[in-house]
Protein chains: 2
Amino acid sequence: MDVHGRDLRYFATVAEELNFTRAAERLFVSQPALSKQIRMLEKQLGTSLFHRDRRSVRLTATGEALLPHARELLASWQAAQAAVEDAKAAERHTLVIGMSTSPGRGLLPALRARLVSLYPDARPVLRQVNWADPSAGLADGSSDVAFVWLPLPDDERYRYAIVAEEPRVVALPYGHPLAARAAADHEGAVDFADLLDEPFLALPPEAGPLRDYWLALDSRGDRTPRIGGVVASAEETHEAIANGQGVALLAAGNASLVVRDEVIAVPVRGVSPSRLAVAARTDDERPTVLAYLAAAERVATGPS
Amino acid sequence: MDVHGRDLRYFATVAEELNFTRAAERLFVSQPALSKQIRMLEKQLGTSLFHRDRRSVRLTATGEALLPHARELLASWQAAQAAVEDAKAAERHTLVIGMSTSPGRGLLPALRARLVSLYPDARPVLRQVNWADPSAGLADGSSDVAFVWLPLPDDERYRYAIVAEEPRVVALPYGHPLAARAAADHEGAVDFADLLDEPFLALPPEAGPLRDYWLALDSRGDRTPRIGGVVASAEETHEAIANGQGVALLAAGNASLVVRDEVIAVPVRGVSPSRLAVAARTDDERPTVLAYLAAAERVATGPS
DNA sequence: TGTTGTGATAGCCATGCGTTATGGACGTCC
DNA sequence: GGACGTCCATAACGCATGGCTATCACAACA
C-alpha cells in the first residue's frame, strides 16, 4: 500500500548503478541490507524489478516502468522538505506580539525599529487578544511577546519590562452624578472612596488577579465591589457604560478607547497607578524575543 | 531524510479530519498509534504540524505548507503503483518465443492463431537467440517458450512437443568435389561416409550435445571430426562455407537460410533426421505457456 | 588453480510500529 | 455538582522491520 521513501531511493540508485555492491556503497549501507530491501520492495509490488543474471543486473520491464515514477516521487519529497524548511524559517522569524488593546504611546514603532535593526529578517506581527487572557496569548503560546497590564498571574512563568506607568481614571456615563462632582473639583477628579458603592464593570473571572486589580480590590478594604457586568473588549466596555450598567477604571492612556458619545473619563484619587509591561515566557530564549524585551527595557529607561 | 508513505497518509488524514480519534478510525489504526506516528513525523521534520489546544486540533503554518505536497506525493505513488500494475499485466500477457532461426514451415502463424483464440490478451513476441544457447533463451528465462533442435541438454528441465522431423542436408561451396559427385548420384545425394574427412563448421562449445548432434558425432564411430570453424548464426555459416572453411549439416527446411551465391545444399544418406520441437521450462505452468505447447502438439499430430 | 567480484543467505540485535490499558483535562447532562 | 463522554497523551509490551557481520556460491580471469 505505502512505500518507504528509502526503498525508492535504494531502487533508483541500484537502477542507476546496475550493481548492488556499488549502489550499497553510494547509499552507505551494506550490500546485503540493500539486496534485502530491494527484495522486500519486489515482494511488496508482487513483481521483480531487476533481472539478476550471474554477471549482470538489469531492469525488468516493470522496473523500467517504475523508475521514472520513483524519481519523480523522490524529487517531490525533496520539494516538500524544502517547503517545510521555508515555513520553519518564516515561523522562526515571525514574532507574534499580543495585546489586549493597542498599547499606543508610540511604543510599537519604537520597539519595532529596535528589533529590526538587530534582526533585519524578523517579522513582527500584531495580534489582538481577548481581555479574558491577562497574558495576552503568552500562556497558550499564541503570542511570543505581549503587552500586558500588571499584575500578571503566574508571574514566575514570565519575564517582563515595564514600559509605562500612569494613573488610573474612571469612565462614567455623561450624566452620572460623579461627573458633575468632578467638574466641581479643583483637580477635576473624584475620590475612589466615592466610587465604592458604584456598580463596576469587571473582566471575566478567568482574568484572575487582573480582574481584581481593575476593580481596585486593594483600595476597598473589606468592602466587596458591586459587579455591574462583565466585559472583554473596549467596545463592550463603552456600550456597558453608556447603558448605565456600571463604571470602570482605565489606564489614563487608554481612556480614549472608551471615551466618546455618552462616556467621559475623570481622574481618580486614591488608587495606585497602572503599569503596562512587555512580557515573554521565561523559558523562551529565542533571540528575537529577548531582543524585543531588551528594547522594551531601553524604551522604559530611555528618553521619555 | 526519507518519509514512509504511511506517515504522509496519516498526516493528510488528520489534516482532513482535524480530529485524531476519527482519523484513526478512518485509517484503521488505534488512536495512540496515530498520535505517536504524527509525533514521530513532527520530530523528523523538526517542527510541529498541528496545534493541539485542549479542545481543537488545527494545522500549523508548517503543516499548511506540507499538506499540498503530501497530497501530491500520495497521488504520485498511486500513479506509480498503477504503472507497475500495467507493466505486470503486460508482462503476464507477453509470451516471448525464442528461436535460433525462424522455424518457418508455417508454424508461427498456426501456433499464434491457436494461442490468441484461447487467450485473446496474449501478446506473442518473437526473439532471435544466438546459436550458442541450445535452449534458445529458456535456460536464462529470456524466453518463455522456444523452438529448439533436439537433443536438448538438461532435458528434464524442459517439456517439449516435436513439431517437425526432416532429413539433414549438407551445405557445400558451389565448386566442392562432392557437389559434382552428388550431381552424378541417382538421388542427387552424398553418403555421410564421404564427408568424414571434410572440415566441419561447429556450434560454439557451450551448445554441448547439440554441437555434437550437428557434427553427427554418432555417425562417425570413433573418428573425431575436423573442425573448420565455429559459427553462431546463419550469416556466419554462409560466409564460412563460401570461404571454404568447411561444410555444415543443416535441417532440410533450413537449407534456404544458407543456400545462395556460392553455397549449395545436397541430401545426405546415413545420418538421422533432425527434429524441431517447441519447448518450455518444466516448472513454468503459466496458462499461455501451456497453451502454446498444447498448440504445438496438435500441429504435430494434426493435418500435415 | 587460486583470486577477484558479485549477489544471496544466515544469524543476530536495535528500533519501529502496532496493540491494549490508562490518565488527565475539558465539556455536558441529569 | 457529580457522573459521564470526548479527546489526546502516555505506558507497557510484542512482533516485524531493517540494519549489521560472516559466509557461501558461482563466474570470470590471470
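Within every chain, numbering begins at 1; the chains are lettered A, B, ... in the order of the sequence lines, protein sequences first and strands thereafter.
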Atom-pair distance (CD on B:Q37; C1' on D:dT10), nearest Å: 15 Å
Residue pairs passing the salt bridge (charged side-chain N to carboxylate O under 4.0 Å, His left out) test where at least one lies in residues 11-21 of chain B, sequence neighbours excluded: B:E16-B:R26, B:E16-B:R71, B:E17-B:R22, B:E17-B:R26
Spacing between A:Q44 atom CD and D:dT17 atom P, to the nearest angstrom: 10 Å
d(CE, A:M1; C1', D:dT17) in whole Å: 19 Å
Atom-to-atom span, CZ of B:R39 to C1' of D:dT10 - whole angstrom: 10 Å
Interatomic spacing from CZ in A:R9 to CD in A:Q37 - rounded to 0.5 Å: 11.0 Å
Charged N-O contact under 4.0 Å between B:E285 and B:R159: yes
Gap separating the OG1 atom of B:T21 from the CD atom of B:Q31, nearest 0.5 angstrom: 5.0 Å
Short side-chain N/O contact to D:dC7 OP1/OP2 from B:Q31, under 4.0 Å: no
Integer-rounded Å distance: D:dG18 P and A:I38 CD1: 12 Å
Heavy-atom neighbours of A:R52 CZ exceed 12 at 6.0 Å: yes
A:S30 vs D:dG19: side-chain N/O to OP1/OP2 distance below 4.0 Å: no
DNA chain C-proximal residues of residues 13-27 of chain B, any heavy atom under 4.0 Å: none
Whether B:F147 and B:Y292 hold their rings parallel, tilted or perpendicular, with breakpoints at 30° and 60°: perpendicular
5' priority, DNA chain C, between A:K36 and A:R52 [closest heavy atom]: A:R52
B:F50 CZ to D:dC7 P, straight-line distance once rounded to whole Å: 16 Å
Spacing of A:H4 atom NE2 relative to D:dA16 atom C1', expressed in whole Å: 15 Å
Any A:R6 side-chain nitrogen or oxygen under 4.0 Å from OP1 or OP2 of D:dG19: yes
Nucleotides bounding contact with chain B, strand DNA chain C, heavy-atom threshold 4.0 Å: C:dC17 to C:dG27
Sugar-phosphate, base or nothing in reach of B:Y10, heavy atoms under 4.0 Å: sugar-phosphate
Electrostatic pair B:E85-B:K88, nearest N-O below 4.0 angstrom: yes
d(CG, A:D2; C1', D:dT17) in whole Å: 15 Å
Note, A:L41 side chain near A:V3 side chain (heavy atom, < 4.5 Å): yes
Flag side-chain contact, heavy atom, 4.5 Å: A:F20 against A:V57: yes
